[in-house]
Amino acid sequence: MTDLRAAGEQAAALVAGHLAEVPAGPVWQPVPDAERAWLSGQELPEDGRPLADLLADVRAHVLPHPMGNGHPRFFGWVNSPPNPAGVLVEPLAAALDPSCAGGDHAGPHLERAVVRWLAELVGFPHPPGGGLLTSGASMATIVCLASARQRAALADGWDAREEGLAGRPPFVLYLTEEGHSCLHKAAQLLGLGARNVRAVPVDSAYRMDVAALRAMVAEDLAAGRRPFCVAGSAGTVNSGAVDPLDAIADVAAEYGLWFHVDGAYGALGVLAGGAAPHYAGLERADSLALDPHKWLGVPVGCGCALLRDPAAARAAFSLVPSYLVDDNAGELGWFAEYGPEQTRPFRALKTWATLSSLGRSGVVRLVEHTTGLARTLAAMVEQAGDFELLAPVTTSITAFRHTPRAGGLDALNRAIPAAVQARGNAFLTGTRLGGRDALRACFLHPDTTERDLEILLDEIRLAAKAL
Ligand SMILES: Cc1ncc(COP(=O)(O)O)c(C=O)c1O
């Protein structure tokens, strides 16, 4: 233990030093061949090594090769920098090392509080037990869609867990082509079949066409299929679009569909001034996926599934073997009864620390700052003669493309992200939007400035010239 105290002090210095140095370094650079070989090719040591030696290796071979998301000019995918309070408590969660499957210890109790906080932040109804932390939104989506599937089966007088889906009318899920791939993965994993996932058309702002949704549901019903769930987006990954949630909720209510909202990235956008009307109807959903490890900056991984009716998740997952029966568990039982994971890490501590350190006002400031950056970049793009805005800005993503010439724009914009990344001064990623290759910048970092946006556009120009 004296060893741990001394090494722990060194580790704390390494953490603080690393976080302080990140903004001055390149955003990202490729891992050199020798380092890649060291990292991936090493042999398991025969004898154990001192903690100080391990730290020396981390300092020499791990910390110099970050993904880049700690840097204020990292605009790729949806990866935030770690909140310092979240970083601070990670070793303490590891020192306690509980399983938050359930039981009477700090972890599960704290999880009850943070899940409630998350629901309250975005105005989602929260009955006791109405949610759990997950590894991320992919797992949260599995929790929500499995709940929807079992609820629909039970409503039809059968049990999907007991019988499987064979011989039943196909369950149909509706989402737009902008719906996240994790929804498709969940549908496939739950045995729904990719062919039973409908791509509802979008309008010019990449929002679900609700009239088309209604028509597709009616057509599936007429053909003897079983529409069971519609998934709207509160912040798509491509452009940050928020679907017309209220109108989707109307269709869900009319046809008895489970209404799921993917707010993994964008649900917190409701907190930005003036944004609330875009999110109207969110509070009518049956379930909501919301990732603390995205906009909030809780260190990876932490997602959250919020459920209007906790009993739906319990009906889909509860399976308590005799060795786990806990007579003191109380009415809500164990978290492990609400999702697929049995042993569950102490995700609540870093989430609690992050939220407590920011406070509600800090979360609002972060959301307003980053949505403001996305709007500013959109304005800069519209003013520039060599860029084109591809979607309206609703959250903190700007979707655009570089248009320095008339032809070959798909190929050019497809090549730009890697070329920008390689220069090391900014990091953005691309996508396909409305049939075109697009660039997208996602703002999540509290320290990004408007000057960084100018640098980003200049970096794109310079990278494109060299292509
Ligand atoms: C809108 C949206 N939904 C779902 C996901 C999946 O989340 P996770 O990677 O936490 O599983 C993402 C990831 O970027 C996302 O942006």
Side-chain angles (χ1 to χ4, degrees), residues 67-69 74-82 86 118 122 131-146 173 175-190 197 202 206-208 229-243 245 248 260-270 278-279 282 285 287-306 339-341 344-345 347 350-351 354 367 370-371 374 391 393-399 427-433 438 440-445:
M67 175 180 167
N69 49 313
F74 183 94
F75 309 123
W77 306 294
V78 187
N79 294 98
S80 47
L118 291 166
V122 299
L132 72 165
L133 300 180
T134 61
S135 56
S138 299
M139 187 58 88
T141 303
I142 289 168
V143 169
C144 297
L145 294 195
L173 168 68
L175 48 121
T176 73
E177 65 190 26
E178 297 299 309
H180 194 268
S181 50
C182 75
L183 286 153
H184 293 275
K185 279 192 185 176
Q188 292 167 24
L189 185 68
L190 291 168
V197 180
V202 290
Y206 301 101
R207 305 166 78 227
M208 186 181 283
C229 177
V230 56
S233 291
T236 61
V237 72
N238 279 340
S239 70
V242 178
D243 283 328
L245 303 176
I248 297 173
H260 173 71
V261 174
D262 179 3
Y265 147 64
L268 289 170
V270 71
H278 291 294
Y279 289 80
L282 177 79
S287 57
L288 171 68
L290 190 173
D291 269 356
H293 70 196
K294 290 195 167 68
W295 218 333
L296 275 178
V298 170
V300 171
C302 190
C304 182
L306 294 170
E341 289 179 305
R344 304 173 68 250
R347 300 178 177 113
K350 58 189 175 182
T351 311
T354 300
V367 168
T370 44
T371 50
V393 172
T394 317
T395 53
S396 72
I397 293 176
T398 313
F427 193 111
L428 91 164
T429 50
T431 189
R432 295 268 304 167
L433 194 58
R440 57 179 285 293
C442 178
F443 300 100
L444 302 167
H445 203 302

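Only this structure's heavy atoms are used, side chains among them; waters, hydrogens and symmetry mates stay out. Counting convention: from 1, in listed order, for ligands and their atoms alike.
Scanning the protein heavy atoms around atom 10 (O) of ligand 1, the nearest turns out to be Asp291 OD2, 2.7 Å. Scanning the protein heavy atoms around atom 14 (O) of ligand 1, the nearest turns out to be Lys294 CE, 3.1 Å. At the top of the distance list for atom 3 (N) of ligand 1, counting protein heavy atoms only, stands Asp262 OD2, 2.7 Å. If you check which protein heavy atom lies closest to atom 6 (C) of ligand 1, you get His180 CE1, 3.5 Å. Residue, atom and distance of the protein heavy atom nearest to atom 16 (O) of ligand 1 are Val237 CG2, 3.4 Å.
Short contacts between ligand 1 and Gly136, defined as distances under 4.0 Å to a heavy atom of the residue, involve ligand atoms 10 (O), 11 (O). Close contacts between ligand 1 and Gly235 involve ligand atoms 1 (C) [criterion: under 4.0 Å to a heavy atom]. Set against the non-hydrogen atoms of His293, the atoms of ligand 1 under 4.0 Å away are 10 (O). The contact set between ligand 1 and Ala264, taken as ligand atoms under 4.0 Å from a residue heavy atom, comprises 2 (C), 3 (N), 4 (C). Remark: ligand 1 atoms within the under-4.0 Å shell around heavy atoms of Ser138 are 6 (C), 7 (O), 8 (P), 11 (O).
When only modelled atom types and interatomic distance are considered, Tyr265 and Thr395 share a side-chain donor-acceptor pair under 3.5 Å.
Without hydrogens or angle criteria, Arg440 side chain to Trp77 main chain gives a donor-acceptor distance under 3.5 Å. At least one donor-acceptor pair closer than 3.5 Å links the side chain of Arg347 to the backbone N or O of Thr134.
Residues His260 and Cys144 share a closest heavy-atom pair of ND1-CB, 3.5 Å. The minimum heavy-atom distance between Val261 and Ala285, with the atom names listed, is CG2-CB, 3.7 Å.
At least one heavy atom of Cys182 sits less than 4.0 Å from an atom of ligand 1.
Between Phe427 and Phe74, the angle of the ring planes stays under 30°, which puts this pair in the parallel group of the 30/60° scheme.
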side-chain contact (heavy atoms from CB on, under 4.5 Å), that's the test. Do Thr236 and Tyr206 meet it? Break it down for me. CA-CA 9 Å; Thr236 61; Tyr206 301 101; 5.6 Å; no
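Interatomic distance, CG of Asp243 versus CG of Leu282, reported as 11.5 Å (0.5 Å rounding).
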